[in-house]
Amino acid sequence: MSRTLESTPTADGFWMPSELEPHAGCWMLWPERPDNWREAAQPAQRACAALAAAISRFEPVTVGVSAPQFDHARALLTHEVRVVEMSHDDCWIRDVGPTFVVNAYGDRRGVDWRFNAWGGLDGGLYFPWDQDERVARKVLELEGCDRYAAPLVNEGGAIHVDGEGTALVTEECLLNPNRNPRLRRADIERHLKAYLGVSVVIWLGKGVPYDETSGHIDNLACFVRPGEIALTWTDDRRDPQHAVSRDALDRLLDARDARGRRFNVHKLPMPGPLAITRKEAAGVVPHQGTKRRRAGDRLAASYINFYAANDGIVMPLLDRRTDRTAAARLRRLFPGRRVVGVPARELLLGGGNVHCLTQQVPAIGKRRRPAGRARA
C-alpha cells in the first residue's frame, strides 16, 4: 500500500539518485493514440517493443498498457517484459510517472509532480490529460512506495541530477509561464531542492530548438558522472542549435556543482537536422486539442536522450551520418557499459525519444548521503 506523505523528501532524508546508479527495473507505457502516432501507432508500437527488449537485456522492464491494447501489446513484447493494465493518455512515462527518491537506509519513495501536458491550455500538446495525472500514483502503488505530492508542475524530463546534490534544468522549461505562472525562479528552485534533495540548481538557458516540451534538459545535457556533463553540439553556426549549445557550454564552464567542482563538458554530435516527411505526417489522424504533425516540421533529435540501464546504455539510432560517431563517444564516456542502439525515428515522430519513454526504478540498498544534499 502506498501512503501520501505531507512532508518533503529533503525533510525526511531522501534524495533523487543518479540515473547511473543501480536499478531495480524500468517502467514504460504503450503508445496508441492515432492523433499523435502515425498509422494507428503500429510503427511506434514496434519501436517501443524493440526498446523494451533492448532494456530487458540489462534489467527488468514493465510496460503499462490500456485494456483494449493489452493482448496486442503482450503479443509484441518479449516474454521477459512484464505487462500490466494501466490507462494513460500517452506513453511519456518519464514525464507523467514518478521521480523516485531514496535514503541512506535503503528505503525508496516517489515524487508525484503535477502534470498539465507540457503547457495546459496555453501550448499543451493534448487535452485532456487526466489519465496521465494518475500514472505516477498507480506506479507507486504497484511498487509499494510512499508518495510525495509535489505542489509544482514539472516533468521528469525537465530535471537531471548527479546524485551528489546537483540538479540541471533549463530556464525555457521551468520558467515558462504555462507551467507555474505564480512562482518566481527562487520559488521553483526552492521546490526543486525540497523534492529532489539537492543543494545546487544549475540553470541552462534554452533547450533543443523545436522541442515540444519547451526545452527539456534531457534532450540537451545530462550528467555522465559527478563533475562531468554530456552536451548536444553542432559546429554549424547557421543552425539554431549552435547558439543554444554555445550558451549552455558557457554557463556550465562558469558553474560549480554541490561539491564545488568545475565541470568537464563532453560534446555529442547533433543528428540531422531531421524533419517529418509528407508520408509520415499523412499517417497521423488530426484531432482538436492535439498538436498537429506537419510535413517539413523539424524534429528535436538528440543522442543525449538515451537510457542508462544496468551495465548498459540504450541509445537512439537517428541518423546514419552520425549514429556511429555518437555510439563511439558514448562508449568512451561509459567504459563499463555496453552501448546498444535501437531504431528511434518512429519514437521521435511522436515528439520524444528513448529517455522520454522510460523511467528507472532505483535499486534498494544502503547509500552514502550526498555531501552537498540540502538539509531540512
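No hydrogens, no waters, no symmetry mates; every other heavy atom, side chains included, goes into these values. All residue numbers in this chain count up from 1 along the given sequence. Keep in mind that what you see is a predicted model, and the values were worked out from it rather than measured.
Within the hydrophobic cluster formed by Ile, Leu, Val, Met, Phe, Trp and Tyr side chains joined at under 4.5 Å, directly or through other members, Val284 stands alone, with no partner residue. Here Ile304 is tied into one hydrophobic group with Leu20, Val224, Leu268, Leu274, Ile276, Leu299, Tyr303, Phe306, Ile313, Met315, Leu317, Leu318, Leu330, Leu333, Phe334, Val339, Leu348, Leu349, each link being a pair of ILVMFWY side chains closer than 4.5 Å.
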Sequence neighbours excluded and cut-off under 3.5 Å, please list the side-chain donor-acceptor pairs for residues 50-67, or say none.
from: Ser56; atom 1: OG; to: Ala52; atom 2: O; distance (Å): 3.4
from: Ser56; atom 1: OG; to: Ala53; atom 2: O; distance (Å): 2.8
from: Glu59; atom 1: OE1; to: His23; atom 2: ND1; distance (Å): 3.1
from: Glu59; atom 1: OE1; to: Asn310; atom 2: N; distance (Å): 2.9
from: Glu59; atom 1: OE2; to: His23; atom 2: ND1; distance (Å): 3.1
from: Glu59; atom 1: OE2; to: Tyr307; atom 2: OH; distance (Å): 2.5
from: Thr62; atom 1: OG1; to: Arg82; atom 2: NE; distance (Å): 2.9
from: Thr62; atom 1: OG1; to: Arg82; atom 2: NH2; distance (Å): 3.0
from: Ser66; atom 1: OG; to: Glu32; atom 2: OE1; distance (Å): 2.9
from: Ser66; atom 1: OG; to: Glu32; atom 2: OE2; distance (Å): 2.9

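The ring-ring contact (aromatic ring centres under 6.0 Å, His included) check on Tyr126 picks up Trp118, with sequence neighbours excluded. Listed by chain and number, the residues in a salt bridge (charged side-chain N to carboxylate O under 4.0 Å, His left out) with Arg261 are Glu164, Asp257 (sequence neighbours excluded).
The pair Arg3-Asp146 counts as a salt bridge, with a side-chain nitrogen and a carboxylate oxygen less than 4.0 angstrom apart. Salt-bridge check for Asp297 with Arg293: failed, with every basic side-chain N at 4.0 Å or more from each acidic carboxylate O. A salt bridge links Glu280 and Arg345; the closest N-O separation between the charged side-chain nitrogens and carboxylate oxygens is under 4.0 Å.
Cation-pi geometry between Arg251 and Trp203 is not met at under 6.0 angstrom from the ring centre and within 45 degrees of the axis.
Among residue pairs with one or both ends in residues 326-340, none qualify as side-chain hydrogen bond (donor to acceptor under 3.5 Å, both in side chains); sequence neighbours excluded.
For Trp113 and Phe115, the ring centers sit 6.0 Å or farther from each other.
Residues Asp132 and Trp92 have side chains that never bring a donor and an acceptor to within less than 3.5 angstrom of each other. Side-chain contact check for Trp27 and Glu143: at least one donor-acceptor pair (N or O, by modelled atom type) lies under 3.5 Å.
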